[in-house]
2 protein chains.
Amino acid sequence: MIISTKGRYGLRAVFELAKAHGQGTMSIKSIAEMQDLSEQYLEQIFSKLKGAGLLVSTRGAGGGYKLAFDPKDIAVGKVLTVLEGELAPAECVGDDAAQCDNVALCTTHVIWQRIYDGFNDVIYSITLADMVDDYQKMLSSKPQAKDVRC
Amino acid sequence: MIISTKGRYGLRAVFELAKAHGQGTMSIKSIAEMQDLSEQYLEQIFSKLKGAGLLVSTRGAGGGYKLAFDPKDIAVGKVLTVLEGELAPAECVGDDAAQCDNVALCTTHVIWQRIYDGFNDVIYSITLADMVDDYQKMLSSKPQAKDVRC
DNA sequence: TTTAATCTTGACAAAATCGGTCGGGTATAA
DNA sequence: TTATACCCGACCGATTTTGTCAAGATTAAA
């Protein structure tokens with residue numbers, strides 16, 4: 001599995017926040033229930049996302065989390081990168097790439113770079129708003145639909 | 001690191017076989033020396049690749065490994081998949097996908113599928129022959145070049 | 001003011017995976 | 001017959017994954 005549970009659960013949870021954006025905060029408890037996740041594990045995940053500035057929280061009764069930005073301004077890739085670390089195929093590509101002796105002459109480097117670029121193109125081209133749109137469309141085409149996870 | 005050492009070392013080693021294709025076999029020892037890898041670890045890697053039918057071996061003195069097919073008929077993706085297992089972002093995509101309750105209604109499934117497709121497009125569109133071509137071009141444009149790894 | 005809800009933080013731990021090593025085989029060319 | 005090379009399964013320490021547990025801080029509401 002390229003994406004660990006942190007990233008997969010995290011994206012599902014953030015998707016709930018995106019659906020409810022503009023309607024105040026949601027508690028970890030309610031999201032954990034909806035998505036059938038452990039509250040304590042989800043705490044860890046949201047804590048990371050908050051640390052990265054993607055979420056804001058309110059303490060106390062009636063508090064909870066919400067997105068720090070509009071869903072259309074949060075790329076799926078951002079969420080995944082915060083939770084998984086940088087998704088690079090090898091050390092010689094990516095933001096904090098360890099430069100090898102001579103990248104210009106390294107044959108496998110070309111492969112890793114293409115994988116990295118392709119991957120990031122995909123995950124940064126989809127926003128949370130896109131996910132919500134997809135969801136609305138699925139709902140309207142199959143009105144009996146219930147939330148499903150994978 | 002999305003690709004582990006098995007995949008990264010393996011691709012480098014197989015690239016050596018591709019460069020020498022048509023010139024008989026190469027021993028693990030010589031490749032391990034060239035690419036600065038442990039012989040015993042490389043044995044494990046080649047054993048897997050042989051099991052998958054990508055390599056053939058000759059035992060005894062003067063023996064070694066060679067590609068089972070022409071480099072142009074071996075995709076980088078095939079090598080990586082044999083060594084890494086299927087490179088799926090989640091359980092619900094890929095050949096041996098665990099079907100979730102209702103994929104057609106699952107919002108995150110769309111994301112995992114797009115990542116999976118993008119990834120496989122890249123790695124199955126490059127063959128070992130492409131790598132060798134790249135290498136020859138690099139050599140001719142910088143004739144003083146030595147082999148470099150990353 | 002008290003209470004309950006909620007986020008916050010850090011430690012802990014079982015299980016799986018990673019990145020190999022070790023110690024023997026077996027087949028074959030020289 | 002001997003040296004070379006592949007073959008194979010067990011093992012092993014370190015790290016990462018996937019969480020759990022406990023205690024505390026903050027705040028809204030009763």
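What you see is a predicted model, and the numbers here were worked out from it, not measured in a lab. So you know, we letter chains A, B, ... as the sequences are listed, proteins then strands, and number each from 1. Hydrogens, waters and symmetry mates play no part in the numbers below; they use all other heavy atoms, side chains included.
Atom CG of A:Asp134 and atom CG of A:Leu139 lie 11.0 Å apart (nearest 0.5 Å). Atom CG of A:Leu37 sits about 7.0 Å away from atom CD1 of A:Ile45, to the nearest 0.5 Å.
In this structure, the side chain of A:Thr81 engages the main chain of A:Gly77 through a donor-acceptor pair within 3.5 Å.
In this entry the distance linking CD1 of A:Ile45 with P of C:dT9 reads 16 Å, nearest Å. Remark: C1' of D:dA5 and CZ of B:Arg59 are 9 Å apart, rounded to the nearest angstrom. Rounded to a whole Å, the CG atom of A:Leu42 is 18 Å from the P atom of D:dT17.
Each of B:Gly62 and A:Ala61 was matched to the nucleotide of DNA chain D holding its nearest heavy atom; the match closer to the 5' end belongs to B:Gly62.
For C:dT8, one of the phosphate oxygens OP1 or OP2 lies less than 4.0 angstrom from a side-chain nitrogen or oxygen of A:Lys50. Look at B:Ser4 and you won't find any side-chain N or O under 4.0 angstrom from OP1 or OP2 of C:dT17. The side chain of B:Thr5 places an N or O atom within less than 4.0 Å of a non-bridging phosphate oxygen (OP1 or OP2) of C:dG19. OP1 or OP2 of D:dT20 lies within a sub-4.0 Å distance of a side-chain N or O belonging to A:Ser38. Phosphate proximity of C:dG20 to B:Tyr9: present, with a side-chain N or O under 4.0 Å from OP1 or OP2.
Below the 3.5 angstrom threshold, one finds no donor paired with an acceptor across the side chain of A:Glu39 and the base of C:dT6. Judged by distance alone with a 3.5 Å cut-off, a donor-acceptor contact links the side chain of B:Glu43 to the base of D:dC8. With hydrogens and angles ignored, a donor-acceptor pair under 3.5 angstrom links the side chain of B:Gln44 to the base of C:dT21.
Among C:dT21, C:dC7, D:dG19, the nucleotide with an atom closest to any side-chain atom of A:Tyr65 is C:dC7. With D:dC6, C:dT8, C:dG19 as the choices, the nucleotide that has an atom nearest any side-chain atom of B:Ser27 turns out to be D:dC6. Between D:dT18, C:dC22, D:dC6, one nucleotide has an atom nearer to the side chain of B:Ser57 than all others, and that is D:dC6.
Salt-bridge annotation for A:Glu91 and B:Arg8: present, with a side-chain N of the basic residue lying under 4.0 Å from a carboxylate O of the acidic one.
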